[in-house]
> 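Dropping the structure in here first, questions after.
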Amino acid sequence: MKLSVLLFGIARDIVGDRQISVDLPENENVAGLLNYLKKEYPSFNDLQSLLVAVNDTYAKSEHVLQENDEIALIPPVSGG
Amino acid sequence: MKLSVLLFGIARDIVGDRQISVDLPENENVAGLLNYLKKEYPSFNDLQSLLVAVNDTYAKSEHVLQENDEIALIPPVSGG
Amino acid sequence: MADYQEILVTENPLEVEKAYAHAQAGNTGAVNIFVGTVRNKTDTRNVVNLEYEAYEGMAIKEMRKIAEEAASKWPVEKIIIHHRVGKLRVGEATVVIAVSTPHRHDSFEACRYIIDTLKKSVPIWKKEVFEDGEEWVSAHP
Amino acid sequence: MADYQEILVTENPLEVEKAYAHAQAGNTGAVNIFVGTVRNKTDTRNVVNLEYEAYEGMAIKEMRKIAEEAASKWPVEKIIIHHRVGKLRVGEATVVIAVSTPHRHDSFEACRYIIDTLKKSVPIWKKEVFEDGEEWVSAHP
């Protein structure tokens with residue numbers, strides 16, 4: 001399945017784009033997506049944390065992704 | 001000695017004036033002034049507290065008063 | 001008066017933005033502001049208005065002391081204390097305290113210390129005027 | 001959205017007085033306001049400006065959740081959270097949080113809970129631009 005992933009902050013700088021498209025097996029979960037991205041972009045391993053949001057909500061590792069999900073990578077936040 | 005005492009809040013309402021003059025023995029202290037006033041105006045005994053300030057500072061019971069002091073009665077404060 | 005403090009007792013309406021502007025300083029990362037306001041009820045009685053009276057010279061001196069104590073306990077940049085006196089309507093600000101610090105937790109703690117201490121020691125008195133009478137707050141046990 | 005909350009992410013300068021005005025309510029006796037501002041230094045490096053970026057839809061959703069949590073823990077009247085994004089200069093306000101409650105300690109505690117939680121969970125990112133480089137805050141261990 002094709003997933004579109006939104007990128008912010010340092011994650012966007014690492015990838016060099018606001019959004020990427022990734023091709024993963026059906027029923028892949030959040031942990032699988034993160035594994036894939038950390039291999040493609042090793043600099044992600046240097047971050048203090050890297051979370052995934054699905055449809056505007058933080059998602060757990062075992063959360064299964066679907067093609068129409070709005071997926072975003074959340075590097076360490078620093079608002080306020 | 002003659003002392004002038006400033007009155008605020010409920011203390012002013014009890015006495016009915018912003019200021020009173022009291023005549024006390026030389027070297028009378030804060031405790032003596034309060035005793036005198038509580039006899040003259042028994043309603044002072046009903047207050048939650050009654051402190052005395054001398055020259056803009058809270059004064060202890062044993063503090064000795066002098067004729068030129070600025071003396072004020074401080075009923076329970078409720079600022080803020 | 002130390003120039004990190006600004007202490008004011010006034011009959012004019014208080015402006016939160018003004019206290020904030022004065023609290024802002026170059027090394028500030030955080031400003032905590034406390035605003036006390038006139039509530040519409042005390043227990044179940046409707047408040048019509050409030051009257052504040054201050055022993056002004058001493059009140060300012062006591063507020064300066066409190067600001068000094070706060071500045072000795074926390075690394076504050078600025079401390080602003082504006083207290084209103086006179087007749088106030090429901091909703092109006094009675095006191096505005098603004099404290100700026102490099103880091104946020106200090107701003108919360110110093111500001112809370114200042115309002116808590118102010119309520120205990122500063123010679124200002126509040127009279128609540130109800131629809132059915134009036135009362136000096138906290139006067140009686 | 002519950003009407004006791006007002007959550008805003010904006011590129012426009014924040015106004016403390018506006019947040020205060022919205023937090024005011026009839027039964028309010030206390031308003032605590034926290035303002036985060038751009039400091040002129042981080043450690044010893046001079047900050048030229050800050051850039052804030054938000055994942056806006058999710059940021060608003062997370063701030064609403066935080067406001068709901070605060071409202072379930074303390075008897076709040078209103079919760080205002082205004083967060084600035086874009087390019088900010090030293091001294092400008094990055095976030096304004098205002099919480100009104102009947103009694104003052106609740107306003108301090110709820111406001112502090114909101115800023116502490118916001119800093120942990122809301123998807124907003126800050127880049128510090130120094131005289132000699134730039135850095136996403138907290139990105140690396």
Side-chain angles (χ1 to χ4, degrees), chain A residues 3-22 29-31 33-35 37-80, chain D residues 7-10 14 34-39 42 47 50-66 81-86 88 93-97 111-129 133-141:
Chain A
L3 299 176
S4 174
V5 180
L6 298 170
L7 301 164
F8 296 96
I10 196 167
R12 196 189 58 234
D13 286 358
I14 287 171
V15 173
D17 213 338
R18 299 190 160 272
Q19 194 160 357
I20 44 171
S21 188
V22 298
N29 63 17
V30 163
L33 171 66
L34 281 173
N35 278 338
L37 290 171
K38 285 177 177 176
K39 268 182 215 147
E40 286 290 307
Y41 305 96
S43 294
F44 281 152
N45 292 293
D46 303 336
L47 297 181
Q48 181 139 280
S49 69
L50 188 62
L51 302 174
V52 171
V54 178
N55 302 324
D56 284 346
T57 304
Y58 287 107
K60 293 189 174 155
S61 302
E62 61 274 20
H63 182 95
V64 173
L65 300 167
Q66 293 176 333
E67 222 161 33
N68 292 325
D69 285 337
E70 179 174 314
I71 301 169
L73 274 190
I74 312 286
V77 301
S78 51
Chain D
I7 312 288
L8 181 70
V9 172
T10 175
L14 303 180
F34 174 78
V35 187
T37 63
V38 180
R39 290 181 65 188
T42 290
V47 173
L50 285 193
E51 288 174 37
Y52 276 87
E53 176 180 336
Y55 178 19
E56 192 168 325
M58 181 176 172
I60 287 172
K61 204 165 159 183
E62 285 293 318
M63 288 193 270
R64 280 188 197 153
K65 268 190 220 164
I66 294 170
I81 309 178
H82 293 174
H83 204 300
R84 179 92 181 269
V85 289
L88 277 78
T94 60
V95 64
V96 178
I97 299 170
C111 189
R112 185 165 168 165
Y113 172 84
I114 291 168
I115 181 63
D116 285 355
T117 312
L118 183 154
K119 284 184 171 269
K120 280 183 216 146
S121 73
V122 175
I124 296 181
W125 297 272
K126 170 164 62 179
K127 186 164 73 175
E128 286 178 329
V129 180
E134 55 179 56
E135 206 168 278
W136 289 102
V137 174
S138 303
H140 296 105

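Side chains are part of it too, since the values below use all heavy atoms of this structure and drop only hydrogens, waters and symmetry mates. First the proteins, then the strands, lettered A, B, ... as listed; each starts at 1. Quick caveat: nothing in here was measured; it's all calculated off a predicted structure.
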> Considering only heavy atoms, give the residues of residues 40-48 of chain A separated from chain D by less than 4.5 Å, sorted numerically, with 'none' for an empty result.
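A:Asp46, A:Leu47, A:Gln48, listed by number.
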> Looking at every heavy atom in both D:Ala139 and A:Pro76, which two are closest together, and how far apart are they?
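Of all heavy-atom pairs spanning D:Ala139 and A:Pro76, the closest is O-CG, 3.5 Å.
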> Roughly how far, to the nearest 0.5 Å, is NZ of D:Lys61 from OH of A:Tyr58?
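It is 12.0 Å, given to the nearest 0.5 Å.
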> Do other residues, nucleotides or ligands put more than 12 heavy atoms under 6.0 Å from the NZ atom of A:Lys60?
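Check fails, neighbour count at 12 or below.
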> So, using side chain to side chain donor-acceptor pair (under 3.5 Å) as the criterion, who are the partners of A:Gln66 when residues are at least two apart?
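None.
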> Please classify the contact between D:Val122 and chain A as side chain, backbone, both or neither, with a heavy-atom cut-off of under 4.5 Å.
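Answer is backbone: N, CA, C or O of D:Val122 sit under 4.5 Å from chain A.
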> With a 4.5 angstrom heavy-atom cut-off, is it the side chain or the backbone of D:Ala54 that approaches chain A, or both, or neither?
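For D:Ala54, the contact with chain A is made by the backbone alone.
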> With sequence neighbours excluded, what pairs up with D:Tyr113 under the ring pair (Phe, Tyr, Trp, His ring centres under 6.0 Å) test?
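So D:Tyr113 forms a ring pair (Phe, Tyr, Trp, His ring centres under 6.0 Å) with D:Trp74.
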> In chain order, what residues pass the side chain to side chain donor-acceptor pair (under 3.5 Å) check against D:His82, with sequence neighbours excluded?
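Partners of D:His82 under the side chain to side chain donor-acceptor pair (under 3.5 Å) test: D:Glu6.
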> Which answer fits D:His83, side chain, backbone, both or neither, if we ask what part of it has an atom under 4.5 Å from a heavy atom of chain A?
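When you check distances to chain A, only side chain atoms of D:His83 fall under 4.5 Å.
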> Would you say the side chain of D:Trp125 lies within less than 4.5 Å of the side chain of A:Val77, judging by non-hydrogen atoms?
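A side-chain contact exists here, since the closest heavy-atom pair is under 4.5 Å.
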> For A:Leu51, is it the side chain, the backbone, both, or neither that has a heavy atom closer than 4.5 Å to a heavy atom of chain D?
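No part of A:Leu51 comes within 4.5 Å of chain D.
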> Looking at chain A, which one of D:Ile60, D:Val137, D:Val95 has the largest number of heavy-atom pairs inside 4.5 Å, strictly under?
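Maximum pair count with chain A is reached by D:Val137.
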> Distance check, rounded to the nearest 0.5 Å: A:Ser78 atom OG versus D:Lys127 atom NZ?
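If I round to the nearest 0.5 Å, the distance is 11.5 Å.
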> Starting from the C-alpha separation in whole Å, work towards a yes-or-no answer on side chain to side chain contact (heavy atoms under 4.5 Å, CB included) for D:His140 and A:Ile10.
CA-CA 10 Å; D:His140 296 105; A:Ile10 196 167; 3.3 Å; yes
> Can you tell me which portion of A:Asp13 sits under 4.5 Å from chain D's heavy atoms? Options are side chain, backbone, both or neither.
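The answer is the side chain of A:Asp13.
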> Roughly how far, to the nearest 0.5 Å, is the CD atom of D:Glu62 from the CG atom of A:Asp56?
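One finds 9.0 Å between CG of A:Asp56 and CD of D:Glu62.
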> Under 4.5 Å heavy-atom distance to chain A, tell me which part of D:Lys120 shows up: side chain, backbone, both or neither.
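Backbone only.
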> For the atom pair CZ (A:Arg12) and CD (D:Glu53), what is the distance rounded to the nearest 0.5 Å?
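With rounding to 0.5 Å, CZ (A:Arg12) is 4.0 Å from CD (D:Glu53).
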> Does some side-chain heavy atom of D:Met58 sit less than 4.5 Å from a side-chain heavy atom of A:Asn55?
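No, every pair of side-chain atoms sits at 4.5 Å or beyond.
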> If we define contacts as heavy-atom pairs under 4.5 Å, which of D:Gly36, D:Gly57, D:Ala59 has the most with chain A?
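The option with the most such pairs is D:Gly57.
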> Measuring heavy-atom distances to chain A, does D:Tyr55 have an atom under 4.5 Å in its side chain, in its backbone, in both, or in neither?
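Contact with chain A: backbone and side chain both.
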